[in-house]
Amino acid sequence: MLISDGINHGKLQSIIVGELKKAGLKHRLKKIILKNVKNHKTLFGAPLMKVPSCSVICCGSTLSIPIVVSEMSSVLRANAHVEGLFRKAGSQTRQKDIKGLLDAGGCVSEGHHPIDVASVLKLYLRCLPEPLISAEIQDLLLRCRVTAGGDGMKSILHTLLLLPVLHVHLLHYIMELLNFISSRHKDNLMDSSNLAIVLAPSIMPLPAAATAQRLEHHVALVKLFIENSKHIGLLTDELMSQLDDDSDIHQVRRKKEEVDHLTVC
């Protein structure tokens with residue numbers, strides 16, 4: 001089961017901090033305060049909680065995803081064979097038109113070139129007022145990769161659970177899309193390594209004056225996210241056993257079964 005609003009997120013975060021401590025990673029839990037962008041009139045640059053969303057099914061769980069991302073994902077999945085997705089630049093003029101269309105409440109379709117749609121999706125992620133993976137979590141992820149040893153992947157997945165739920169959902173959804181595209185790498189020439197190189201700046205923006213080594217770490221992490229996409233946001237049995245078996249948990253489990261009317265990614 002993936003993390004959702006029905007979970008006691010505060011308690012889960014405390015559990016995660018404890019698990020990280022066991023792996024030799026001390027972390028003082030800080031509340032991630034999302035930027036409050038008041039009366040934002042366009043789609044690009046608006047917080048995730050302020051944009052129209054839809055419910056989709058990924059890996060058997062319900063995710064809340066911006067409608068615009070779901071629409072762009074559909075176009076890209078249908079054209080996953082196209083060479084250079086997310087790498088080729090496409091037409092800036094067409095991309096400007098697509099952005100204007102989306103900001104005005106329109107939607108992308110099969111009539112739009114997939115190379116342009118991929119570029120616009122990267123732009124959407126870069127325009128989020130709070131990065132998909134916040135600076136604090138980025139730093140902790142780097143520590144996981146460098147110091148956690150054999151527990152590195154487990155610690156990385158635990159760390160991602162510290163993100164706001166909507167950010168976890170979108171990260172899972174985007175990484176599942178990239179995983180699918182990488183599975184067609186013989187056609188599109190975009191394996192997980194190539195995708196990580198071009199998507200890392202949109203997923204994990206570099207801080208000012210970042211070193212080349214820091215960029216390499218970001219790329220390596222995004223590659224891991226792509227290759228382990230199904231596990232992002234997953235509440236393992238071990239974590240679930242540490243959460244209270246209260247009504248909220250039961251409600252989440254029931255909602256997992258009520259998926260007939262939802263979109264499947």
Side-chain angles (χ1 to χ4, degrees), residues 2 56-61 63 65 69-70 72-90 114-126 128 131-134 137-138 140-146 148-161 163 167-206 210-234 236 264-265:
L2 296 184
V56 302
I57 300 302
C58 262
C59 303
S61 293
L63 306 179
I65 301 297
V69 175
S70 176
M72 287 191 280
S73 175
S74 295
V75 171
L76 295 173
R77 282 177 175 270
N79 293 277
H81 62 281
V82 175
E83 182 179 331
L85 276 180
F86 289 105
R87 175 176 58 80
K88 291 186 175 181
I115 294 295
D116 294 320
V117 174
S119 293
V120 173
L121 178 53
K122 287 195 296 183
L123 175 63
Y124 175 79
L125 295 174
R126 290 197 302 274
L128 289 173
L132 196 53
I133 300 179
S134 64
I137 299 301
Q138 287 182 26
L140 183 54
L141 287 169
L142 263 62
R143 289 170 54 205
C144 290
R145 184 168 186 268
V146 173
D151 289 332
M153 194 64 229
K154 180 180 178 180
S155 296
I156 286 170
L157 292 172
H158 278 168
T159 297
L160 292 176
L161 289 169
L163 290 168
H167 285 237
V168 178
H169 284 191
L170 183 53
L171 181 65
H172 178 104
Y173 189 77
I174 293 293
M175 293 303 118
E176 277 285 273
L177 168 64
L178 298 179
N179 185 288
F180 177 77
I181 290 174
S182 70
S183 72
R184 300 290 303 274
H185 66 90
K186 291 183 179 180
D187 297 316
N188 59 39
L189 305 183
M190 296 300 292
D191 60 14
S192 59
S193 295
N194 291 333
L195 288 168
I197 290 170
V198 295
L199 266 298
S202 300
I203 304 294
M204 299 177 63
L206 286 168
T211 64
Q213 185 179 30
R214 172 98 184 201
L215 174 59
E216 290 176 2
H217 282 307
H218 281 213
V219 170
L221 283 165
V222 173
K223 182 175 183 289
L224 284 175
F225 299 160
I226 295 171
E227 295 173 349
N228 295 273
S229 57
K230 293 185 184 299
H231 302 291
I232 292 175
L234 183 68
T236 63
V264 178
C265 72

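Reckoned from all heavy atoms, side chains included, excluding hydrogens, waters and symmetry mates. This is a predicted model, so every value here is computed, not measured.
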By salt bridge (Lys or Arg N to Asp or Glu O under 4.0 Å), K88 pairs with (sequence neighbours left out) none

Donor-acceptor contacts, no H, no angles, side chain residues 217-227, under 3.5 Å, sequence neighbours left out:
residue: H217; atom: ND1; partner: R145; partner atom: NH1; Å: 2.7
residue: H218; atom: ND1; partner: M204; partner atom: O; Å: 2.9
residue: H218; atom: NE2; partner: R214; partner atom: NE; Å: 2.9
residue: K223; atom: NZ; partner: E227; partner atom: OE2; Å: 2.7
residue: E227; atom: OE2; partner: S192; partner atom: OG; Å: 2.8

Sorted by chain and number, sequence neighbours left out, side-chain contact (heavy atoms from CB on, under 4.5 Å) with N194 holds for M190, D191

So, H172 side chain and I232 main chain: donor-acceptor pair closer than 3.5 Å or not? yes

Sorted by chain and residue number, the side-chain hydrogen bond (donor to acceptor under 3.5 Å, both in side chains) partners of R184 (sequence neighbours excluded) come out as D187

Sorted by chain and residue number, the side-chain contact (heavy atoms from CB on, under 4.5 Å) partners of S119 (sequence neighbours excluded) come out as Q95

Those residues at least two apart in sequence (or on a different chain) that pass side-chain hydrogen bond (donor to acceptor under 3.5 Å, both in side chains) with N188 are none

One should read off an interatomic distance between I137 CD1 and C144 SG, to the nearest 0.5 angstrom, of 9.0 Å

### Task
Would you check if L199 and K122 make a side-chain contact, meaning some heavy-atom pair closer than 4.5 Å?
yes

- Are side-chain heavy atoms of M175 and I203 found at a separation under 4.5 Å? yes

| request: Say whether, by atom type as modelled, one donor and one acceptor occur between the side chain of S73 and the main chain of V69 under 3.5 angstrom. | output: no

Exercise for review: Check whether any side-chain heavy atom of L234 lies under 4.5 Å from a side-chain heavy atom of L157, and answer yes or no.
Suggested key: no

